[in-house]
Amino acid sequence: MICKADFIMQQYSILQQLPKAKLGYLPTPVIKLENLTRILGGPDILMKRDDLTGLALGGNKTRKLEYILGDAVAKGCDCVVTAGAQQSNHCRQTAGAAAKLGLHCHLLLGGDKPNEARGNLLLDSLFGAHIHFTKENRKGEDIPNVVEGLKLAGHTPYVIPYGGSNDLGACGFIEAGLELSKQIDMENLSQVFFASSSGGTHAGLMIAKSILNQNHSLTGIQIDKAELAGKTFKQEVLELANATASFLNLDLAYTAQEVVLDNHYLGEGYGVLSAQEREAIQLLATTEGILLDPVYTGRAFAAMVDKIKSGNLPRDKQVLFWHTGGTPSLFAYSAMLV
């Protein structure tokens with residue numbers, strides 16, 4: 001019989017066959033939020049610190065970009081193109097990764113050019129990204145036009161999907177799930193909470209959980225009401241999980257019921273700061289000295305705290321919050337936070 005450690009290494013070897021760019025400082029630590037656990041009266045709350053991945057002030061997208069940009073470099077591309085909101089964490093980390101790898105970076109950001117660059121937008125500029133402001137189109141609708149122009153100029157562009165969420169991006173979070181299994185006692189874990197937005201983190205963690213035959217619940221907190229390509233977000237996650245499993249020749253197939261997605265905390269929509277995010281950001285900052293962001297982790301953390309306070313989680317098992325980063329965007333929301 002293959003022992004657990006050997007089995008995990010086998011799965012790593014499958015991933016290691018893929019081209020990969022070294023971008024992050026991994027593994028990221030897992031800590032116990034002792035003060036918050038005491039204040040809320042249990043269960044024990046753990047945090048996976050992917051805000052500490054290192055690249056461009058950190059965040060979960062670094063894991064995805066290692067595989068995506070590894071593919072771009074292997075294919076001889078000289079520039080990358082991706083899209084997002086003006087405070088996109090994915091775009092900020094893509095710009096930083098491109099700078100590290102010597103690639104030109106084109107970012108298509110929603111809205112109009114602001115009078116002042118703050119938060120992630122400031123960092124995009126510092127990393128030398130070429131920024132295209134695309135008004136209402138923040139999910140890459142205008143990428144084909146930019147790509148065509150780059151090709152005409154003699155470049156070899158590589159398109160990175162919204163949020164870095166494709167099969168290669170999801171591989172970064174299969175690896176992350178395997179990483180976590182070596183850091184904590186998974187049998188003592190009841191639930192993992194995380195912000196679920198473009199689907200790659202969600203799909204990758206689902207596959208890692210299946211590979212390891214684990215019993216904890218994976219709860220993605222939906223961040224964005226907007227659909228992509230006319231599909232519900234649950235459909236996007238489901239299709240990505242199945243496509244990634246197929247890409248890796250894994251004998252896995254998921255149904256919609258296996259995608260656990262909580263959409264009760266959407267508030268007024270994507271990027272709209274409400275009292276729940278403000279309270280969550282302040283709570284963690286004042287109890288543990290850790291910062292959340294206003295768009296993703298603030299919303300997801302507020303959901304977890306609400307569920308703990310409701311008494312719906314077992315007190316004798318641990319829960320884990322996967323901190324996916326995003327802290328730089330705090331500076332763009334300063335007027336709404338203090």
Side-chain angles (χ1 to χ4, degrees), residues 25 28-54 56-62 87-89 92-93 118-123 180 183-184 189-197 201 219-223 262 264-338:
Y25 300 97
T28 56
V30 176
I31 64 168
K32 181 179 175 182
L33 303 182
E34 295 181 351
N35 295 331
L36 187 61
T37 296
R38 183 180 66 255
I39 289 170
L40 296 180
D44 285 345
I45 306 169
L46 305 179
M47 177 178 280
K48 177 67 166 162
R49 296 292 305 272
D50 268 13
D51 56 320
L52 302 179
T53 54
L57 294 183
N60 67 321
K61 306 299 183 181
T62 298
Q87 290 301 319
S88 167
N89 300 306
R92 181 245 309 164
Q93 288 166 83
R118 295 180 295 168
N120 283 322
L121 184 57
L122 169 63
L123 300 182
L180 178 67
Q183 293 178 300
I184 67 172
L189 186 66
S190 69
Q191 202 151 348
V192 175
F193 293 92
F194 55 95
S196 193
S197 181
T201 298
T219 302
I221 305 302
Q222 187 171 342
I223 302 301
D262 192 327
H264 293 95
Y265 299 89
L266 285 167
E268 295 301 314
Y270 180 85
V272 181
L273 188 68
S274 70
Q276 66 179 7
E277 288 89 25
R278 284 194 296 270
E279 290 168 5
I281 290 167
Q282 185 173 41
L283 175 63
L284 188 62
T286 56
T287 58
E288 301 288 349
I290 298 172
L291 297 171
L292 300 168
D293 83 286
V295 181
Y296 299 96
T297 54
R299 182 162 292 179
F301 196 82
M304 184 189 72
V305 169
D306 182 57
K307 292 179 184 298
I308 291 173
K309 288 180 175 179
S310 71
N312 292 332
L313 299 176
R315 300 281 171 171
D316 60 340
K317 289 210 168 192
Q318 297 173 323
V319 297
L320 182 139
F321 182 79
W322 204 297
H323 193 326
T324 51
T327 306
S329 64
L330 279 170
F331 300 101
Y333 283 79
S334 59
M336 291 172 271
L337 287 166
V338 294

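Contact of the L292 side chain with the H323 side chain is registered, since non-hydrogen atoms from C-beta on lie closer than 4.5 Å. A heavy-atom distance below 4.5 Å is not found between the side chains of H264 and D306. Annotation: side chain of T297 is not in contact with side chain of D51 (no heavy-atom distance under 4.5 Å). With contacts defined as side-chain heavy-atom distances shorter than 4.5 Å, the pair D50/W322 qualifies. Side chains of N60 and Y296 form no contact here, defined as non-hydrogen atoms less than 4.5 Å apart. P294 has its side chain out of reach of Q87: every pair of non-hydrogen atoms, C-beta onward, lies at least 4.5 Å apart. Looking only at side-chain heavy atoms (C-beta outward), Y333 and V295 come within less than 4.5 Å of each other.
Atom CZ of F194 and atom OG1 of T324 lie 10.0 Å apart (nearest 0.5 Å). The structure places CD of E288 at 7.5 Å from CD1 of I39, a figure rounded to the nearest 0.5 Å. For the atom pair Q191 CD and K307 NZ, the distance stands at 7.5 Å (nearest 0.5 Å). Separating the CG atom in L313 from the CZ atom in R315 is a distance of 7.5 Å, to the nearest 0.5 Å. Distance check, rounded to the nearest 0.5 Å: CD of E279 to OG of S274 gives 8.0 Å. Distance check: Q318 CD to L46 CG gives 4.0 Å after rounding to the nearest 0.5 Å.
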| task | Take L284 and L33 through the side-chain contact (heavy atoms from CB on, under 4.5 Å) test and state the conclusion after the steps. | result | CA-CA 9 Å; L284 188 62; L33 303 182; 4.0 Å; yes
| Check against side-chain contact (heavy atoms from CB on, under 4.5 Å), F301 and L36 | CA-CA 12 Å; F301 196 82; L36 187 61; 3.3 Å; yes
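Between R118 and A332, the shortest heavy-atom contact is NH2-O, 3.6 Å. When all heavy atoms are compared, the tightest approach of K48 to T28 is NZ-O, 2.7 Å. For the residue pair T37 and P43, the shortest heavy atom distance occurs at CG2-O, 3.5 Å. Shown here for G326 and N89, the closest heavy-atom pair between the two residues is CA-OD1, 3.0 Å. The shortest non-hydrogen separation linking N312 to S310 is ND2-OG, 2.9 Å.
A donor-acceptor pair is defined here as one N or O able to donate and one able to accept, closer than 3.5 Å; no such pair exists between the side chain of Q282 and the backbone of R278. R92 contributes a side-chain N or O that, together with a main-chain N or O of A56, makes up a donor-acceptor pair within less than 3.5 Å. S196 places no side-chain N or O within donor-acceptor distance of the main-chain N or O of Q222, the cut-off being under 3.5 Å.
F331 CZ: 12 or fewer foreign heavy atoms inside a 6.0 Å radius.
Each of I45, D262, I221 was compared with M304 under the side-chain contact (heavy atoms from CB on, under 4.5 Å) criterion, and only I45 meets it. The only option from I290, L57, L291, D293 that meets the side-chain contact (heavy atoms from CB on, under 4.5 Å) definition with T327 turns out to be L291.
Scored by the side-chain hydrogen bond (donor to acceptor under 3.5 Å, both in side chains) test, T286 finds no partners at all (sequence neighbours excluded).
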